[in-house]
There are 2 protein chains.
Amino acid sequence: MPRTNSPDDDRPDSPDRPDTPDRPDTPGRPDRPYHHGDLRRAILRAALDVIAADGPSALSLRDLARRAGVSHAAPAHHFKDRTGLLTAIAAEGHALLASTLTEAADLRDAGVRYVRFAREHPAHFQVMFRPELLREGDLELTTARALSGERLRDAVSTARPDFGGADPRLAGIAAWSLSHGFATLLLSHNLDAVVGDRDPEDVFRTATELLFPSTGR
Amino acid sequence: MPRTNSPDDDRPDSPDRPDTPDRPDTPGRPDRPYHHGDLRRAILRAALDVIAADGPSALSLRDLARRAGVSHAAPAHHFKDRTGLLTAIAAEGHALLASTLTEAADLRDAGVRYVRFAREHPAHFQVMFRPELLREGDLELTTARALSGERLRDAVSTARPDFGGADPRLAGIAAWSLSHGFATLLLSHNLDAVVGDRDPEDVFRTATELLFPSTGR
DNA sequence: CGGGCAATCTTGTCAGTGACAAGTTCTGAC
DNA sequence: GTCAGAACTTGTCACTGACAAGATTGCCCG
C-alpha cells in the first residue's frame with residue numbers, strides 16, 4: 001500500500017468508528033481487519049502530533065495504539081520499544097534537516113533554514129538532540145546524523161572564506177549554537193514575549209545581522 | 001559538585017543499619033524514625049543526581065523515596081507531585097542563575113557565566129526551560145524566573161552602548177540564543193567531538209570572539 | 001504539665017504504562 | 001496450494017503517579 005501522503009488517519013479500510021454497536025463488548029474479536037495496512041506510518045504520524053503538542057515525555061505507546069485502533073502491543077512490532085520509535089523519528093528528522101540544508105545559499109540562509117526546520121518539524125527537532133531518548137547504536141540514526149552534520153559543515157564553509165583566519169570548526173560551533181539556541185528557545189516558548197507578532201525567522205535574521213556584520217556574500 | 005557540606009546523605013538520625021532487633025514482631029513497622037529530618041532537601045538532592053545522570057524523564061518519585069529510605073508517598077507531601085518537584089528545581093535554578101549573572105562584568109562574561117552555570121548545574125538547566133514539565137502558575141517559579149530574566153537584560157545593557165543602534169531586545173535574543181544554544185548542545189554531548197579536551201568555556205569564549213568582534217569594553 | 005493541632009510520614013489502592021511471551025491471522029513467494 | 005514469516009492480538013508482570021485515609025510526632029498554648 002504505497003499511498004505515502006494521503007490522509008490515512010485511521011484504519012484505512014474501516015472508515016466508520018471502531019465501536020460499531022453490533023459487537024458491544026464481547027471479548028471476542030473486533031470486526032476491524034486484522035492488518036492495519038500502514039501501521040508504521042500511522043504510529044509515526046500520531047507520535048509526531050503528540051510530541052509536537054506535549055513533548056516526548058507525553059508519548060505513550062499504548063495511546064498511539066489506541067489512536068490507530070490497534071492492540072496495545074502492535075507498535076512494538078514496528079519499533080521494538082519506545083526508544084526505537086523515538087530513534088526512528090530522530091533519524092527521519094536528520095534526513096529532513098540535511099535535505100533542507102542542502103539548498104542553503106550561504107551560512108545565514110542555512111541558519112534561517114535551521115530555524116524554519118525547527119518550526120515546521122517541532123516534534124523531530126525536540127527529539128533529535130536528546131541522546132538519552134535514543135538508541136545510540138542505531139545504524140539509520142547514525143548515517144542520517146552524519147549526513148546532516150556534513151551539510152552543516154558545508155554551510156559553514158560557504159561563509160566568508162576564513163572568518164578572519166579562525167578555526168572553521170569554531171565558526172561552525174558559533175553558528176550552530178546561535179541557530180540551535182534560537183530554535184530551542186523559540187519552541188519552548190521562551191521568546192514569545194520578545195518575538196510577539198513578528199515572523200520568527202525575520203527576527204532571527206535581523207538578530208544575526210548584529211553578529212555576522214552583513215557578510216560579503 | 002560542591003557537595004553542600006551538610007552530612008544529610010540519608011536518614012540523618014539512624015547511622016546504624018535499619019534492622020535493630022528491639023522491635024522483633026510486627027513485620028510491617030520498620031524501626032527507623034518516623035520523621036526523616038530533612039526529607040525535602042534529601043529528595044531534591046537525589047532528584048538532581050538522577051536528572052544530571054539520565055535526564056528528567058528518568059526521574060521517579062518512588063525511586064527518590066527509596067533512596068531517602070522513606071515510604072513511596074512521602075515525597076508528595078513536600079512537592080505535591082512530579083510537576084511540583086520539577087517546578088521547585090526550576091525555581092531554584094533561576095535563582096542560582098540570577099545570582100551568578102549579577103556578578104557578570106560585561107556581556108561576554110555573562111555568556112561565559114551562563115555556560116558555566118549549565119555545566120555546574122546541569123540538572124537545573126535541563127529543567128528550567130521546559131514549560132511542559134513545570135507548573136506554570138507557580139509563584140516561586142514566576143518570581144525566580146522574572147529575576148533571572150532581569151539579570152539577563154541587565155547584562156545586555158552593559159554591552160557596547162548600542163550595538164550599532166539596533167533594538168537592544170534583538171541583541172539580547174542573539175546573545176541569549178548563542179549562550180543557550182552552546183550550553184544546550186554541550187550538555188547533550190553534541191559538541192564532544194569538536195570541544196575535545198579543551199575547556200568548554202574557553203571554546204565558547206573564543207567562538208564568541210568571532211561574532212562579537214572583541215567589544216570595545 | 002498536658003491536651004490538641006498541624007506537619008510529617010505510612011499503608012493501601014487504582015488506573016495507566018512499557019516490556020515481554022505466546023498465540024492467531026493474514027500475505028506473498030515459491 | 002502451501003507454508004514461512006510478517007503483522008497483529010491476548011495475556012501478564014513489574015513499575016509508576018496520584019490519591020485517600022490512617023498513624024506518628026513535634027510543638028504551641030493553656
Side-chain angles (χ1 to χ4, degrees), chain A residues 1-2 8 10-14 18 23 25-44 46-47 50 54-88 132-135, chain B residues 8 10-14 18 23 26-44 46-47 50 54-87 132-135:
Chain A
M1 281 242 180
D8 51 345
D10 209 8
R11 287 291 192 153
D13 300 325
S14 63
R23 281 294 187 110
D25 206 6
T26 31
R29 51 221 39 166
D31 45 11
R32 50 191 153 105
Y34 197 93
H35 284 91
H36 178 284
D38 202 1
L39 221 208
R40 187 186 157 95
R41 198 170 297 268
I43 295 284
L44 232 22
V50 171
D54 299 316
S57 48
L59 200 154
S60 147
L61 290 182
R62 290 173 108 104
D63 177 51
L64 297 180
R66 274 189 296 268
R67 290 176 185 234
V70 133
S71 90
H72 64 84
H77 181 65
H78 293 276
F79 300 103
K80 170 73 177 171
D81 55 15
R82 227 181 89 102
T83 301
L85 171 56
L86 292 170
T87 301
E132 83 272 14
L133 300 179
L134 309 175
R135 181 127 40 226
Chain B
D8 52 348
D10 208 9
R11 285 291 190 155
D13 300 326
S14 64
R23 275 291 190 103
T26 47
R29 203 139 284 136
D31 48 12
R32 51 192 154 112
Y34 199 91
H35 286 94
H36 178 283
D38 203 2
L39 220 208
R40 187 185 157 93
R41 196 169 300 269
I43 295 284
L44 233 21
V50 171
D54 299 317
S57 48
L59 199 154
S60 145
L61 290 182
R62 289 173 109 104
D63 177 52
L64 298 179
R66 274 189 296 268
R67 289 176 187 234
V70 133
S71 89
H72 64 83
H77 181 66
H78 293 277
F79 300 103
K80 170 74 175 168
D81 55 15
R82 227 181 89 103
T83 302
L85 171 57
L86 292 171
T87 301
E132 83 272 14
L133 300 179
L134 309 176
R135 179 125 42 226

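Labels below follow one simple rule: chain letters A, B, ... track the order of the sequence lines, proteins then strands, and each chain is numbered from 1.
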ask   = Does C/dG18 have OP1 or OP2 sitting under 4.0 Å from an N or O in the side chain of A/S60?
value =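 For C/dG18, OP1 or OP2 has a side-chain N or O of A/S60 closer than 4.0 Å.
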Rounded at 0.5 Å granularity, tell me how far [atom1] in [X] sits from [atom2] in [Y].
| X | Y | atom1 | atom2 | result |
| --- | --- | --- | --- | --- |
| B/R135 | B/L85 | CZ | CG | 10.5 Å |
| A/K80 | A/T87 | NZ | OG1 | 12.5 Å |
| B/H78 | B/D38 | NE2 | CG | 8.5 Å |
| A/L64 | A/L59 | CG | CG | 5.0 Å |

key: 5′-ward residue of the pair B/P75/A/D81 relative to DNA chain C   =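 With B/P75 and A/D81 compared, the 5'-side residue is B/P75.
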Among [options], which nucleotide has an atom closest to any side-chain atom of [X]?
| X | options | answer |
| --- | --- | --- |
| A/A73 | C/dT10, C/dA21, D/dT12 | C/dA21 |
| A/L39 | C/dC9, C/dT17, D/dC8 | D/dC8 |
| A/R82 | D/dT16, C/dT17, C/dG18 | C/dG18 |
| B/S71 | C/dC20, C/dT11, D/dC19 | C/dT11 |
| A/H77 | D/dA7, D/dT9, C/dT11 | D/dA7 |
| B/L61 | D/dA18, C/dC9, C/dC20 | D/dA18 |

If I take atom [atom1] in residue [X] and atom [atom2] in nucleotide [N], what distance separates them, rounded to the nearest angstrom?
| X | N | atom1 | atom2 | answer |
| --- | --- | --- | --- | --- |
| A/L86 | C/dG18 | CG | P | 10 Å |
| A/R66 | C/dG18 | CZ | C1' | 13 Å |
| B/L59 | D/dA18 | CG | P | 11 Å |
| A/H72 | D/dT9 | NE2 | P | 9 Å |
| A/F79 | C/dA19 | CZ | P | 13 Å |
| B/R40 | C/dC9 | CZ | C1' | 16 Å |
| A/D38 | C/dC26 | CG | C1' | 17 Å |
| A/D63 | C/dA19 | CG | P | 15 Å |

Using a heavy-atom cut-off of 4.0 Å across all strands, would you classify [X] as base, sugar-phosphate, or nothing?
| X | value |
| --- | --- |
| A/L64 | nothing |
| A/R62 | base |
| A/H78 | sugar-phosphate |

ask   = Taking all atoms of both residues into account, what is the closest heavy-atom pair of B/P75 and B/I43, and its distance?
value =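 So the two residues come closest at CG-CD1, 3.7 Å.
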